[in-house]
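Quick notes on the structure that follows.
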4 protein chains.
Amino acid sequence: MINKVILIGNVGADPEVRALEGGVKVARLRIATTERIYNRQTQETKEHTEWHNVTLWRNLADVADRFIRKGSQVYIEGSLRTRDWTDKDGNKRYATEIVANDLKMLGRRGDAPASGADNSYGGSYGGAAQSSQSSPSPSGDIAASAPQEVDDLPF
Amino acid sequence: MINKVILIGNVGADPEVRALEGGVKVARLRIATTERIYNRQTQETKEHTEWHNVTLWRNLADVADRFIRKGSQVYIEGSLRTRDWTDKDGNKRYATEIVANDLKMLGRRGDAPASGADNSYGGSYGGAAQSSQSSPSPSGDIAASAPQEVDDLPF
Amino acid sequence: MINKVILIGNVGADPEVRALEGGVKVARLRIATTERIYNRQTQETKEHTEWHNVTLWRNLADVADRFIRKGSQVYIEGSLRTRDWTDKDGNKRYATEIVANDLKMLGRRGDAPASGADNSYGGSYGGAAQSSQSSPSPSGDIAASAPQEVDDLPF
Amino acid sequence: MINKVILIGNVGADPEVRALEGGVKVARLRIATTERIYNRQTQETKEHTEWHNVTLWRNLADVADRFIRKGSQVYIEGSLRTRDWTDKDGNKRYATEIVANDLKMLGRRGDAPASGADNSYGGSYGGAAQSSQSSPSPSGDIAASAPQEVDDLPF
DNA sequence: TTTT
DNA sequence: TTTT
């Protein structure tokens, strides 16, 4: 009835983007959420990083494609989906992913994702990606697979 | 950084509960979240049910053990955790679960999980379940792995 | 950037529903969320009830109108909105409300809101409301101001 | 039963911090959440900024005091609380606030809150603030009853 | 004003 | 395997 996931974390690699037959765009992101856990017994703090597979469709895929790079900090809202199949050894396999329905870029406008600040992008993307990199990388509120509409709200 | 899941759904089977060496209690729940999806093209409404594996520890496991039965409607808040191992065929396997940090029972006090709708509590559960059934079955706000404490809040 | 409220609670009174000029429907709900707070010092448990003003528009208003009654347990997702005005004494006044973008009814189908099970509804609503009462009162997944659409998703 | 608020936004001013008798620390933040709303009729996009009053206690107040400045981007999780009183004109007054139970700083480590983008920290804050500014300003995951710090995230 |  |  309610199946909701909220993530804030860093992107582990540039998004994988492809277009399905029919032109529908899909993107896939790996997102790390790191937490520190204090063990009262041993008085030690341990760090645990969890990696999440996020799938984005259409507009959200496009936003990811244009603005998200390895190292970007993002907010994701979505829902859980587990796919299953039978592998070559005849075993039932499962993979759980988050299907996004919202995506926001965090940090300030000029934020350099990852090591991109100091260099490294050099020539690795084609013209379009290049230019979107050099254009002002928006901070949040891009996105919205279903842009809100209003007509006569009295406020 | 933020790794949060919120579920509202129905429990597919009585909880599996066990105690680890050391006495720590763990429970496992299967929770179904069903959504209806309207396809504008075909004008059809399709239903999709997603099944979630939820793990509860200590107090939350105890609450699940005592109050949750097949059919119960519950609210779960928790975080995603993916375990991995190598199976007998040498393949890397993954399983994603939700580790609960909050659990509330939904519906009203007298709500019958599952077939209880017809008022057939009388004898319909075994001894143990009986007694937990006949004790005041709380609606919500049981739980709390980390019970809130207050001492001097000025409100 | 993110302004999100999630409530699960009981409705304090039947919804107030009206139609604006132009036919747009609006409903207002009062929702109580009660929590129990344990004070370790005094070893006492105190209960605190918080009352929330929820505004619902269009489809959600219609769902509230038809299915929600005093005592209903509901899930609300929405966002915070504070209105301000100047009162007759010239003071700036503020009122904060939750504008809903999702609404689900909790509990099982046959759940009686409040004391409605044993009586009281009798004749208190007009024909339409009556019939909607006697029609299957949906548990959840009614609603959706923005119904999901799918056309070519590969799952 | 569930009374949950999630905010991501920018802080409008340095936190107001004070200590109650007994030494308990409290901080108050003003947080702006801005959304863009597309009006299909007029094909215009309007921007709306909502301001939230957030109250933080003890550890969270301390974190706010040390690390949050005007312009900081933050994640807040908390619950709604409405206080009421009677004003000098005898009117019942209400004020709604969010009592935080989690706080994370967003953006990367070196992120300059507000006008800091140009590296102009030099002398712009008073002594105490200075030192907290010059200490490693963590990006997120400080905070909370279980303070979390990061310095060497590999991405 | 709801619920437990 | 739940619920509607």
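These figures come from a predicted structure and were not determined experimentally.
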Gap between atoms [atom1] and [atom2], on [X] and [N] respectively (whole Å):
X	N	atom1	atom2	value
I31(C)	dT2(E)	CD1	P	14 Å
I37(C)	dT4(E)	CD1	P	19 Å
Y75(B)	dT2(F)	OH	P	25 Å
H48(C)	dT2(E)	NE2	C1'	14 Å
I68(B)	dT2(F)	CD1	C1'	13 Å
Q73(B)	dT3(F)	CD	P	11 Å
N53(B)	dT2(F)	CG	P	16 Å
H52(B)	dT3(F)	NE2	C1'	13 Å

Option from L56(D), L7(D), N53(D) for which side-chain contact (heavy atoms from CB on, under 4.5 Å) with I98(D) holds: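 With I98(D) as partner, L56(D), L7(D), N53(D) yield a single side-chain contact (heavy atoms from CB on, under 4.5 Å), made by L7(D).
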
Donor-acceptor pair under 3.5 Å, T49(C) side chain vs dT2(E) base: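 A donor-acceptor contact between them is present.
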
Under 3.5 Å donor-acceptor, N3(A) side chain and L80(A) backbone: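 A pair under 3.5 Å: yes.
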
Proximity to the side chain of W51(C) - top-ranked nucleotide from dT4(F), dT4(E), dT2(E):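 For the W51(C) side chain, the nearest candidate turns out to be dT2(E).
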
Which nucleotide in dT2(E), dT2(F), dT4(F) has an atom nearest any side-chain atom of K70(C):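 For K70(C), the side-chain atoms sit closest to dT2(E).
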
Test salt bridge (Lys or Arg N to Asp or Glu O under 4.0 Å) applied to E47(B) - qualifying residues, sequence neighbours left out: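 E47(B) satisfies salt bridge (Lys or Arg N to Asp or Glu O under 4.0 Å) with R36(B) once adjacent residues are dropped.
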
Distance-only polar pair, side chains of E50(A) and T33(A), donor-acceptor under 3.5 Å: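 Not at all, the side chains of E50(A) and T33(A) share no donor-acceptor pair under 3.5 Å.
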
